[in-house]
> 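If you scroll down you'll find the structure; I have some questions about it.
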Amino acid sequence: MKNCEYQQIDPRALSVSPLSVQTHTEKKEHRPRRKWEVFPGKNRFFCDGRIIIARQSGVLPLTLGLIVVTCGLFFAFDCPFLVEHLTIFIPLIGGVLFVFVVTSLLRTSFTDPGILPRATPDEAADIERQIDTSGSSTYRPPPRTKEILINQQVVKLKYCFTCKMFRPPRTSHCSLCDNCVERFDHHCPWVGNCVGKRNYRYFYSFIISLSFLTSFIFGCVITHITLRKYCTSNALNDCMLVICFFSIWSILGLSGFHTYLVASNLTTNEDIKGSWSSKRGADDSGNPYSYNSIITNCCVTLCGPMPPSLIDRRGFVPPDEAIPAASASEIELPPFTTKNDANMVG
Amino acid sequence: MTHSLQDMRPQAAVAAKVFIQRDYTNGTVCQFQTKFPSELETRIDKQQFEETVRMLNNLYAEAEKLGSQSYIEGCLACLTAYTVFLCMETHYEKMLKKIAKYIQEQNDKIYAPRGLLLTDPIERGLRVIEVTIFEDRSLTR
């Protein structure tokens with residue numbers, strides 16, 4: 001019966017599913033797709049959209065490898081000696097720190113940093129209309145910026161040509177991931193992802209716990225070597241010592257820098273660009289987002305409410321959005337659907 | 001949730017869409033402008049609309065509120081290496097569900113009878129409140 005109806009249907013209607021009639025035949029022809037499959041940015045998704053990572057995973061395997069290998073060597077060679085001579089807590093502390101570091105790292109890498117979904121065509125058209133009406137036709141259109149007042153301070157919002165919207169304050173477009181990210185800090189190759197509003201706290205806990213871990217391992221290795229001063233030095237111990245020594249300076253430095261950023265509610269992006277430092281020093285270096293209290297700034301950045309992911313990776317693409325230019329054929333559809341209904345009932 | 005409205009009137013054509021933009025005067029918290037758009041003047045009472053937007057702003061402010069609850073949640077999450085979020089819903093997510101319910105309610109009671117439809121801002125990345133204006137012809141039947 002259904003085969004007869006196919007010949008009556010307009011071939012264009014096959015690719016356009018009607019808004020009101022969600023028949024089973026349509027579902028069989030087009031498996032409902034999840035939003036991550038049509039995501040326009042340069043990201044990769046795993047586990048059916050649960051895990052998101054930048055397209056260039058960068059040096060993440062190296063980071064993980066270094067951490068795992070160093071800790072492995074520590075547990076294998078130093079712990080037995082130190083447990084015997086000092087205390088059982090050494091491998092326990094090491095183990096807890098290691099778990100914390102790896103969890104934070106994976107969380108930072110696999111969490112959506114605060115990606116803003118691109119503007120829908122209707123929104124983009126609306127914004128374009130507003131820009132055009134405010135500009136004059138006699139001279140060149142002004143650059144696409146908008147000035148707003150935030151806490152009595154003038155902030156310029158830029159128009160993002162890729163995402164077709166005015167970027168909210170503190171948002172920046174990452175060229176590596178091709179996404180606008182809220183409260184954009186930086187794109188970290190070690191972690192293989194952008195660091196933004198949603199994963200900054202994981203990134204911070206990663207570098208802090210990593211500082212503790214490397215310092216701890218460094219200390220234990222030095223202790224081990226000192227206690228074994230009459231024996232020949234182990235090549236593996238030396239290797240660990242070198243890795244820890246070099247990483248400690250950079251990681252401690254980075255932790256210190258980010259602690260400063262957290263305390264003043266700044267992002268790396270703003271600090272590098274000097275967005276607030278050169279302003280007329282009105283209130284506390286002119287940062288309109290700072291709460292002017294170190295404790296409040298820290299609490300807000302690290303323990304504030306966890307915003308949701310705005311890109312809804314695992315949601316299904318609605319059938320009407322899948323085909324944007326369907327408005328013409330929508331009007332023709334109703335007569336066909338009523339005919340189908342009549343036939344299907346009979 | 002919005003399917004029910006479109007199922008009821010499959011032939012209602014979209015006349016226009018109005019976008020209520022974000023209001024950043026208080027920082028990056030999620031607030032929407034309460035200015036009444038001129039396109040809705042013929043459709044809905046100004047006060048009613050502003051009341052809806054104000055209520056939404058209050059709900060979003062509560063979701064992002066920095067209080068003892070959010071701090072406790074944050075500290076607990078940190079101590080459990082963030083694994084607590086696998087079994088617990090965050091305060092923000094609970095508020096978003098409340099907001100979705102509120103919008104659904106408003107649509108059913110106030111906006112649908114006037115040929116309007118509010119889209120939950122979360123579906124537009126919390127950038128805008130999209131108000132779809134349907135053509136008047138289908139209402140006068």
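In what follows, every chain begins at residue 1, and chains take the letters A, B, ... in the order their sequences are listed.
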> Counting heavy-atom pairs closer than 4.5 Å to chain B, which one of N151(A), I311(A), L310(A) comes out on top?
L310(A)

> Please classify the contact between R183(A) and chain B as side chain, backbone, both or neither, with a heavy-atom cut-off of under 4.5 Å.
neither

> Have Q104(B) and D108(B) got a donor and an acceptor in their side chains that come within less than 3.5 Å?
yes

> Quick one: does F110(A)'s side chain get under 4.5 Å of N193(A)'s, heavy atoms only?
no

> May I ask you to check whether T267(A) and Y200(A) show a side-chain donor-acceptor distance below 3.5 Å?
no

> For chain B, find which of R170(A), E182(A), R201(A) contributes the most heavy-atom pairs closer than 4.5 angstrom.
R201(A)

> Is there a donor-acceptor contact under 3.5 Å linking the side chains of S255(A) and S211(A)?
yes

> Examine whether an atom of A125(A) lies under 4.5 Å from a heavy atom of chain B, and if so say whether it belongs to the side chain, the backbone or both; otherwise answer neither.
neither

> Is it the side chain or the backbone of I72(B) that comes within 4.5 Å of chain A heavy atoms, both, or neither?
neither

> To the nearest 0.5 Å, how far apart are CE in M95(B) and NZ in K97(B)?
12.5 Å

> Side chains of Q106(B) and T52(B): donor-acceptor distance under 3.5 Å anywhere?
yes

> Hey, which of P307(A), G304(A), P288(A) has the most heavy atom pairs under 4.5 Å with chain B?
P307(A)

> Relative to chain A, which segment of T25(B) carries a heavy atom at a distance below 4.5 Å: side chain, backbone, both, or neither?
both

> Of the listed residues (G27(B), G125(B), G74(B)), which shares the most heavy-atom pairs with chain A below a 4.5 Å separation?
G125(B)

> Among D126(A), T171(A), I148(A), L302(A), which residue has the highest count of heavy-atom pairs closer than 4.5 Å to chain B?
D126(A)

> Below 4.5 Å from any heavy atom of chain B, which atoms of P168(A) appear? Answer side chain, backbone, both or neither.
both

> Measure from the side-chain N and O atoms of N57(B) to the backbone N and O of F32(B), and report whether any donor-acceptor pair falls under 3.5 Å.
yes

> Do H173(A) and R167(A) come within less than 4.5 Å of each other through their side chains, counting heavy atoms only?
yes

> Need one label for F206(A): side chain, backbone, both or neither, based on atoms under 4.5 Å from any heavy atom in chain B.
neither

> Between S104(A) and chain B, which part of the residue has a heavy atom less than 4.5 Å away: side chain, backbone, both or neither?
neither

